[in-house]
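Beneath this line is the structure, given in structure tokens, with notes to follow.
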Amino acid sequence: MEVFEASHWDAAPPLAPSYNVAPSQVAAVLRQENESQVLHPMHWGLIPRWAKSRSVGYKMINARIETLTTKPAYRSLVQRKRCVAVAQGYYEWQKSPAGKTPFFITSERAPLLCFAALWDRWQHGENAVSSFTIITRPPAPKLAQIHNRMPALLTPQQHKRWLSPAEPPELLLAELAQSASDDLQFYPVSNFVNRPANNGPRCVEPAHQEPSLFDLH
DNA sequence: CCAGACGTTGTT
DNA sequence: GTCTGG
DNA sequence: CCAGACGTTGTT
DNA sequence: GTCTGG
């Protein structure tokens, strides 16, 4: 709330801290409501209003910026359902012949990352669920060594405009695809984070250098 | 018209 | 709900 | 994203 | 291989 000058949390108890937010789990999402910014707990993995079951959300965790305006599932959301997912960092798995290594990625300068995202509300009988998907883009040069995609990130200057319903989506998307993301830093972590049930500071501890089988005699 | 999909990543 | 394919 | 299950019949 | 759950 301090960083974003958000006015309040939507739900009474704010989210508990998590070092391992997996798809389907709840994360902090910023939305504009009238003139104020409000934090909402939302499930990661978009469940569109028309979905017949919640399980649709397991597939829609990311949205490619290149095709955002043409995909039927997303194009209507770009107009009025923009939001910002908030976290200190995120994990990306780098592949090599030796296997997959998770990296933890944060900003050198900012205390939090702002992920450009889209949300929707799904209602089925009694229970309503709000959920979101994170927009992805080709990687900034720095991150190309880790992965061939990255989340579309917003600077603190950009995020208010991204949330504003008055802003034209075409312009916002053009800027989003360009934004520099040159302040990102990263380091490898252990595969403790691979198991969704694992949580705590151990998720972001730098990995020991594992000797490869090749180096053992 | 109705039926069926609606998504990304990564691998081959 | 809305789009695509048949 | 990764991990883990993937099934029925019949019994307690 | 593919789907579900976290």
Side-chain angles (χ1 to χ4, degrees), chain A residues 15-29 41-83 85-106 113 115-124 127-140 143-153 169 173 176-177 184 186-200 202-204 207:
Chain A
L15 285 177
S18 175
Y19 291 82
N20 201 358
V21 178
S24 81
Q25 293 183 339
V26 173
V29 174
M42 283 197 205
H43 292 266
W44 181 18
L46 185 81
I47 308 162
R49 6 184 21 87
W50 44 261
K52 290 189 182 71
S53 91
R54 274 189 75 148
S55 61
V56 173
Y58 287 112
K59 299 191 288 187
M60 303 172 76
I61 62 176
N62 293 126
R64 293 176 65 88
I65 193 167
E66 295 92 334
T67 53
L68 207 50
T69 54
T70 57
K71 296 286 182 183
Y74 294 141
R75 58 182 304 180
S76 62
L77 302 177
V78 178
Q79 304 294 325
R80 302 207 145 274
K81 299 285 189 177
R82 297 188 298 273
C83 63
V86 178
Q88 286 174 285
Y90 72 98
Y91 302 101
E92 194 76 84
W93 282 260
Q94 180 189 54
K95 269 197 299 183
S96 74
K100 284 183 164 189
T101 306
F103 281 72
F104 186 55
I105 301 157
T106 59
L113 296 180
F115 300 79
L118 303 171
W119 69 280
D120 205 354
R121 193 182 126 98
W122 179 79
Q123 193 154 20
H124 198 253
N127 40 355
V129 182
S130 287
S131 59
F132 69 97
T133 185
I134 293 176
I135 298 173
T136 66
R137 48 162 280 190
L143 287 176
Q145 56 181 296
I146 308 285
H147 203 65
N148 67 339
R149 304 291 294 174
M150 67 174 282
L153 298 170
L173 289 178
L176 198 55
L184 297 176
F186 51 83
Y187 58 87
V189 296
S190 82
N191 61 11
F192 180 75
V193 73
N194 288 12
R195 185 192 282 262
N198 289 347
N199 211 319
R202 197 173 151 191
C203 290
V204 296

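Letters go in sequence order (proteins before strands), and every chain restarts at 1.
- dT12(B) and dT2(E) have their P atoms separated by 13 Å, with the value rounded to a whole Å.
- Tyr90(A) has its OH atom 17 Å from the C1' atom of dC2(D), to the nearest Å.
- Nucleic acid contact class of Ile61(A) (heavy atoms, under 4.0 Å, all strands): base.
- Rounded to whole Å, atom P of dT2(C) lies 12 Å from atom CG of Asp120(A).
- Here the C1' atom of nucleotide dG6(E) and the CZ atom of Phe192(A) are 14 Å apart, to the nearest Å.
- Here, dC3(C) and dG7(B) have their P atoms 12 Å apart, quoted to the whole Å.
- Between the C1' atoms of dG10(D) and dG4(B), the separation comes to 39 Å (whole Å).
- Separation of atoms CG (Leu118(A)) and CZ (Arg82(A)) is listed at 8.5 Å; rounding is to 0.5 Å.
- Looking at Asp120(A) and Ser131(A), their side chains never bring a donor and an acceptor atom within 3.5 Å of each other.
- Across the protein-nucleic acid pair, Gln79(A) atom CD and dT2(C) atom P stand 13 Å apart, rounded to whole Å.
- Side chains of Arg121(A) and Ser130(A): no donor on one and acceptor on the other come within 3.5 Å.
- Remark: Ser76(A) engages no residue in a side chain to side chain contact (heavy atoms under 4.5 Å, CB included) (not counting sequence neighbours).
- Annotation: the span from Phe115(A) atom CZ to Ile135(A) atom CD1 amounts to 12.5 Å, rounded to 0.5 Å.
- Going from atom NZ of Lys81(A) over to atom P of dT2(C) covers 13 Å, rounded to whole Å.
- One can find a donor-acceptor pair under 3.5 Å joining the base of dG6(E) and the side-chain atoms of Ser24(A).
- Base pairing of dG5(C) is made with dC2(B), judged by Watson-Crick or G-U wobble geometry with both donor-acceptor distances under 3.5 Å.
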**OP:** Heavy atoms under 4.0 Å is the rule here; annotate nucleotides 4-9 of chain B 5' to 3' with B where the base is hit, S where only the sugar-phosphate is, and - elsewhere.
**Re:** --BBSS
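- Taking atom CG on Asn20(A) and atom P on dG5(E), their separation rounds to 18 Å, with Å as the unit.
- The partner of dT8(B), taking Watson-Crick or G-U wobble pairs whose two distances both stay under 3.5 Å, does not exist in any strand shown.
- One atom, CZ of Phe104(A), and another, C1' of dC1(D), lie 15 Å apart when rounded to the nearest Å.
- Atom name P, nucleotides dT8(D) and dC1(B): the rounded distance is 40 Å, in whole Å.
- Taking CG from Leu68(A) and CZ from Arg75(A), the interatomic distance works out to 10.5 Å, rounded to the nearest 0.5 Å.
- Between Phe104(A) and Tyr91(A), the two ring planes are tilted [angle within 30° to 60°].
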